[in-house]
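This report concerns only the one structure given below.
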There are 2 protein chains.
Amino acid sequence: MHQEEATPAACAVHCADCAVRRLCLPMELGTADVDKLDHIVGRRFPLAQGELLYRTGSPFASLYAVREGQFKAYRVNRDGSEQVTGFHFSGQLLGLDAIGSGVHSCEVVALQDCSVCELPFADLEALLAKMPALRQQFHRMVGEEIARMQSVVLLLGKMKARQRLATLIVRAASVYEARGYSIEKFQLRMTHEDLSNYLGMTRECVSRQLTKFKQEGLVKVAPRELEVLDLAAIKTIAAGKAP
Amino acid sequence: MHQEEATPAACAVHCADCAVRRLCLPMELGTADVDKLDHIVGRRFPLAQGELLYRTGSPFASLYAVREGQFKAYRVNRDGSEQVTGFHFSGQLLGLDAIGSGVHSCEVVALQDCSVCELPFADLEALLAKMPALRQQFHRMVGEEIARMQSVVLLLGKMKARQRLATLIVRAASVYEARGYSIEKFQLRMTHEDLSNYLGMTRECVSRQLTKFKQEGLVKVAPRELEVLDLAAIKTIAAGKAP
DNA sequence: CGGGTTCTTGACACGGCTCAAGCGTAGTGG
DNA sequence: CCACTACGCTTGAGCCGTGTCAAGAACCCG
């Protein structure tokens, strides 16, 4: 096993003891299977805020599982502009965009101090061949990624600004809920710039919509933090059933 | 082997002789491997225009490879509205949206008379375990699906109407080119309704943009058919380098 | 404390949506 | 063969939502 020294205690955690194993590849695997998976995990390492996990064009060698923190994934256009394709949280798998082509088609950056587990794809491949249960979990995560992208397409294709922001808040709440955090009050590490980019609108528009939500008493906004006062109402807006 | 009778001659074609094997799962597989894959193919059957391949909520059992024709995939919202998530052509794999959840999250309909090959997922799974080369091809196709979705997100998130339509034309041209058809003149089986839905705009807007292209001498439009007169110019527009 | 980023707010313009009417083509039945 | 209908496409007018531009406030970090 290749473990790094000189890393915080958290980095020594094995899959079996990991806080997010239920959200990650181990998911429903038995103890023996989790151990096998644990053995192929390469480095478990921290990333400081702003550091890149991988960049566009770099060759694909590993998938990465987020242990702690938040990441932003984005594509870089030829003209230099960015399109944020998603935000990723603990338990999620990063790098799936490259398993087809062998080259990363997007770039991933840490939005805060994070830690990740590296899964050398060749080793994972070999394990997938032997372990049907792991294969199933892997397919599940791939499927979730596709479904997630589809819902982004839906958001960008059909919704107005207000509904988009409401949808984002609802999803963020459910992400935090799944990870055992408060639904009422959570961190939004991304800037309005990133948020607006992801939502297909401008910074100003995000700000204005958020201000409206504030005025209507649906949320309270603190720097990098959001307090949800009326989740039900926001869900209604997200569903398109209320203006 | 389970083959259907009572179907056109085309439906009897095996993977080894299939016109689109280079675009489909067999891709770079050796003859022996292709044969193994061919053996698990369930029914190879035709679908008439307007028929559904699968519907939202139906349980996932098989993937489908498109042999001939064009399909439209779309999500149905709770309020009954649709979001077209993509158009699919020969050689592409349908049903990947469900491998995670076991339930189809979108609906697929034939835009013309089509034929498809059914791949029972349980059988494919078993084969994936044994054949590293097939696994690689499968991952490639999954990766392509993710990359495709990402590019749709980019289109919806960053482009104006004119650029979106140009992008669609360029992609359609490359799809037809890969399949050995003319790049200059090809069928667009989808209605403006579907097109606009996919592109995140309205019917009227598609029509107007198309009219502009016509006036500028970039395309000629016949019913359900598009003749590209100046692909280079359209590519420039799609790249965002010209108004 | 200063300098850079990030956020807010306003005024204005414009792209695309909405609504509405008219046109062309294909299919159907007398 | 010609109404008649249905459907998809086109075109116009007007309006609304967002983008754009600009200035200032708030915040963060060294």
Side-chain angles (χ1 to χ4, degrees), chain A residues 48-50 72 81-84 109 111-113 155-169 187-216 219-227 237 240 242-243, chain B residues 48-50 72 81-84 109 111-113 155-169 187-216 219-227 237 240 242-243:
Chain A
Q49 176 169 358
K72 172 183 78 169
S81 68
E82 295 180 1
Q83 168 66 42
V84 175
V109 64
L111 289 177
Q112 61 184 138
D113 294 350
L155 180 139
L156 292 173
K158 281 270 148 342
M159 298 183 191
K160 299 260 182 230
R162 183 175 164 84
Q163 196 180 354
R164 293 186 192 185
L165 189 59
T167 304
L168 180 112
I169 293 173
Q187 289 191 328
L188 282 180
R189 303 294 306 188
M190 41 294 222
T191 63
H192 282 195
E193 175 78 43
D194 291 335
L195 227 45
S196 65
N197 188 319
Y198 175 66
L199 295 173
M201 32 206 268
T202 55
R203 263 171 295 138
E204 295 93 327
C205 192
V206 168
S207 180
R208 273 188 258 265
Q209 298 298 337
L210 213 47
T211 303
K212 272 194 191 175
F213 283 166
K214 256 191 291 187
Q215 288 168 349
E216 294 166 21
V219 300
K220 262 189 191 167
V221 184
R224 303 265 152 142
E225 215 177 60
L226 193 77
E227 191 171 345
I237 296 168
Chain B
Q49 176 168 357
K72 172 182 79 166
S81 68
E82 295 181 1
Q83 168 67 40
V84 176
V109 63
L111 289 176
Q112 60 184 138
D113 294 350
L155 179 139
L156 292 172
K158 279 272 147 345
M159 299 183 189
K160 300 257 182 236
R162 183 175 164 83
Q163 195 180 356
R164 292 187 193 186
L165 189 58
T167 304
L168 180 112
I169 294 174
Q187 289 191 328
L188 283 181
R189 305 293 307 189
M190 41 293 220
T191 63
H192 283 196
E193 175 78 44
D194 290 335
L195 227 45
S196 65
N197 189 320
Y198 175 66
L199 295 173
M201 31 206 268
T202 55
R203 264 170 295 139
E204 295 93 326
C205 191
V206 168
S207 179
R208 275 187 255 266
Q209 298 298 336
L210 213 48
T211 303
K212 272 193 189 175
F213 283 165
K214 255 191 291 188
Q215 287 167 350
E216 293 165 21
V219 299
K220 263 187 189 167
V221 184
R224 303 265 154 143
E225 214 176 62
L226 193 77
E227 192 171 344
I237 296 168

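Keep in mind the model is a prediction, meaning the values are calculated, not measured. Naming convention: chains lettered A, B, ... in sequence-line order (proteins, then strands); numbering from 1 in each chain.
For the pair A:K214 NZ and C:dC7 C1', the interatomic distance rounds to 9 Å; values are reported in whole Å. Distance, A:Q215 CD to C:dT8 P: 12 Å, rounded to whole Å. As a whole-Å value, the separation of A:R208 CZ from C:dT6 P is 19 Å. In this entry the distance linking CG of A:D194 with C1' of C:dT5 reads 13 Å, nearest Å. Rounding to whole angstrom units, CD of residue B:E193 and C1' of C:dC17 are separated by 14 Å.
Checked by atom type and distance alone, the side chain of B:D113 never pairs as donor or acceptor with a backbone atom of B:A48 at under 3.5 Å.
Contacts between residues 198-206 of chain A and DNA chain D, counted as heavy-atom distances below 4.0 Å, involve A:G200, A:M201, A:T202, A:E204, A:C205. The stretch residues 159-167 of chain A does not touch DNA chain C, since none of its heavy atoms comes less than 4.0 Å from the strand.
In this structure, the separation between NZ on B:K160 and CG on B:L165 is 15.5 Å, given to the nearest 0.5 Å. Atom CG of A:L199 is separated from atom CE of A:M159 by 10.0 Å, given to the nearest 0.5 angstrom. The CD atom of A:Q83 lies 6.5 Å from the CG atom of A:L156; values are rounded to the nearest 0.5 Å.
Taking every nucleotide of DNA chain D with any atom under 4.0 Å from a non-hydrogen atom of chain B, the first and last of them, 5' to 3', are D:dC9 to D:dA13.
Using a 4.5 Å heavy-atom threshold, the side chains of B:T191 and B:R224 count as touching. Contact annotation: the side chain of B:V219 approaches that of B:K214 to within less than 4.5 Å [non-hydrogen atoms, C-beta and beyond]. Counting heavy atoms from C-beta on, the side chains of A:E82 and A:K72 come closer than 4.5 Å.
Considering all non-hydrogen atoms of both residues, B:D194 and B:V84 come closest at O-CG2, 3.9 Å. Scanning all heavy atoms of the two residues, the minimum distance from B:L111 to B:M190 falls at CD1-CB, 4.1 Å. Considering every non-hydrogen atom in both A:K158 and B:N197, the closest pair reads NZ-OD1, 3.1 Å. Closest non-hydrogen pair, A:I237 versus A:A166, comes out as CG2-CB, 3.6 Å.
Note on A:H192: a side-chain N or O is less than 4.0 Å away from OP1 or OP2 of C:dT8.
An angle of 40°, rounded to 10°, separates the two end axes of the helix from C:dC1-D:dG30 to C:dG30-D:dC1, each defined over five pairs.
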Report each atom pair, protein N/O against N/O of nucleotides 21-26 of chain C, whose distance is under 3.5 angstrom.
none

Donor-acceptor list for residues 200-210 of chain A side chains, cut-off 3.5 Å, not counting sequence neighbours:
{"residue": "A:T202", "atom": "OG1", "partner": "A:C205", "partner atom": "N", "Å": "3.3"}
{"residue": "A:R203", "atom": "NE", "partner": "A:E193", "partner atom": "OE1", "Å": "3.0"}

